[in-house]
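Report on the following structure.
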Amino acid sequence: MSSSKYQFIHNIIPHLSPSQKGQGRANVNIALAKYWGKRDIELNLPTNSSLSISLPGLGTETTIQWIDNSKDTITLNDQPCKPEQPFAARLSHFLEPFRPDPQGGFEIKTHNSVPTAAGLASSASGYAALVLALNDCFQWQLDLKSLSLLARLGSGSASRSVYDGFAIWHQGQQQDGMDSFAEKIDQAWSNLKIGLLEIDISEKPIGSTQGMQQTVNHCELYQAWPQKAEKDVVTLQSAIANQDFTLLGTTAENNALSMHATMLATWPPICYFQPDSIQAMQQVWQLRAQGTEVYFTMDAGPNLKLLFLEKDQQQLKESFPNLKVIHPFSVESETTT
Ligand code: DP6
């Protein structure tokens, strides 16, 4: 691990003396303007800002405890993980700079409430929950900005999962990464709904970390992306401020397709679409042509996330019988199937 990463972390955390068993929980988020590309791999610094919405009720709960004279022990949904498993290896690597001494280990218990059927990546909620648990374990009492900075090191999108509702992750300019953190956009939108449309939940051929690296290095169209993404973030901020759903939906859908265009224009090409993904997109376009205002976004996988307003929920449930509806801003019931 490079000294710049240790320096970054020790600029933020006050000490390394654990005082109790720590707990943290965080929700997954989906980006309406995507993060796709790093300008610094070690510090997880993005080439562009991004903007997301949190999905309440779908996330990660983690407890962490420091144990002297032990190795890391990690369980995921009550199943012990072998240290060499990619999930455990990535977590232990992330925890390196937080170890009070080289002899001990962390005991980590993680539960994901993200249903596998939703096809949602859980690294965003996972690393946000882990950082919140560390903050509790060490009693650092960090503010949300500092927690976002630390979560970013685990997974870029985790910087946004520290917050509920809308969040913006500022790409920042500094080399040390101290200005690249997420902030909450303090605005609710009570009739805005998200629909999770499962296409395929089997493991994707290429993860987002590798996929974005390959795109940055081998796509001639990529140079247009950071500017486009920055513009979309500004447009989305104004759509949210004015509750302009048409502007929100068109910008989010176009942003997602633009990101996928850079992947397709990479060599070797990266294609997360499956035939059923395309069919679902066409169904969305058809519904729009018929007057139902619905848009989609897609991440590094074949599943679609639909954006629509409450008044069209019934119609969408009829068009997509498996749709899982999330209510990002209503308190009484967060999810309905
Ligand atoms: C397409 O945050 O999973 O979902 O920083 O390498 O862990 P790492 O990548 P990750 O990438 C998310 C990519 C995305 C878009 C987004 O969430 O903004």
Side-chain angles (χ1 to χ4, degrees), residues 5 26-55 58-60 86-87 89-91 93-94 112 114 118-131 148-163 166-172 177 180-182 194 196 203-217 219 222 225-226 228-230 232-233 236 251-253 255-264 266 270-273 277 296-305:
K5 191 157 178 176
N27 293 326
V28 297
N29 71 78
I30 53 167
L32 303 176
K34 312 287 187 192
Y35 146 54
W36 196 250
K38 304 178 200 240
R39 66 177 198 278
D40 184 313
I41 298 170
E42 180 80 6
L43 292 175
N44 253 353
L45 296 175
T47 54
N48 61 275
S49 304
S50 54
L51 187 149
S52 64
I53 184 166
S54 151
L55 305 187
L58 299 181
T60 307
F87 175 82
R90 181 173 172 183
L91 225 133
H93 176 72
F94 172 77
N112 276 338
V114 183
L120 287 164
S122 50
S123 69
S125 57
Y127 281 94
L130 182 62
V131 162
S148 172
L149 283 166
L150 291 178
R152 189 198 79 212
L153 289 181
S155 185
S157 52
S159 65
R160 303 182 308 237
S161 267
V162 167
Y163 306 96
F166 294 112
I168 176 168
W169 172 15
H170 306 285
Q171 65 151 328
S180 182
F181 55 87
I194 309 277
L196 305 179
E203 209 178 316
K204 46 196 183 192
I206 172 168
S208 34
T209 308
Q210 198 195 332
M212 65 177 87
Q213 229 15 60
Q214 207 166 300
T215 312
V216 171
N217 293 329
C219 170
Y222 183 76
W225 166 257
K228 152 82 182 153
E230 286 300 327
D232 287 346
V233 167
L236 285 168
T251 308
E253 186 174 304
N255 179 274
L257 288 170
S258 303
M259 174 185 74
H260 284 273
T262 68
M263 299 171 185
L264 290 168
T266 297
I270 303 170
C271 180
Y272 290 106
F273 301 158
S277 318
F296 66 82
T297 181
M298 281 179 83
D299 292 310
N303 304 299
L304 273 72
K305 288 100 186 182

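Start at 1 with the first residue, then count along the sequence. All values reported here derive from a predicted model rather than from experimental measurement. In each ligand, atom 1 is the first atom listed, and ligand 1 is the first ligand listed.
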Flag Gly156 as yes when one of its N or O atoms lies below 3.5 Å from any N or O atom of ligand 1, and as no otherwise. yes

Strictly by modelled atom types, are Tyr35 and Ser159 linked by a side-chain donor-acceptor pair under 3.5 Å? no

If we set the cut-off at 4.0 Å for heavy atoms, which region of Ser157 has an atom near ligand 1: side chain, backbone, both, or neither? both

Residues forming a side chain to side chain donor-acceptor pair (under 3.5 Å) with Gln214, sequence neighbours excluded: none

Looking only at heavy atoms, is any part of Ile30 under 4.0 Å from ligand 1, and if so is it the side chain, the backbone, or both, or is it neither? neither

Examine ligand 1 and decide if any of its atoms is less than 4.0 Å from a heavy atom belonging to Ser123. yes

Around atom 7 (O) of ligand 1, find the nearest protein heavy atom and jot down its residue, atom name and distance. Ser155 OG, 2.7 Å

Counterpart residues, side chain to side chain contact (heavy atoms under 4.5 Å, CB included), relative to Ala124 (two or more places apart): Asn29, Ser157, Ser161

Output for pair (Ile206 CD1, Met212 CE), nearest 0.5 Å, gives 10.5 Å

Assess Met212 for proximity to ligand 1: is some non-hydrogen atom of it under 4.0 Å away? yes

If we only count N/O pairs under 3.5 Å, is Thr209 in contact with ligand 1? yes

How long is the gap from CG on Leu43 to NZ on Lys5, to the nearest 0.5 Å? 7.5 Å

Contact region, Met298 to ligand 1, non-hydrogen atoms below 4.0 Å, reads neither

Thr47 and Trp225 side chains, donor-acceptor separation under 3.5 Å: no

Side-chain H-bond candidate by donor/acceptor type, Thr297 with Lys34, under 3.5 Å: yes

Does any N or O atom in Ser50 lie less than 3.5 angstrom from one in ligand 1, N or O only? no

Heavy-atom contacts under 4.0 Å between Arg90 and ligand 1: side chain, backbone, both, or neither? side chain

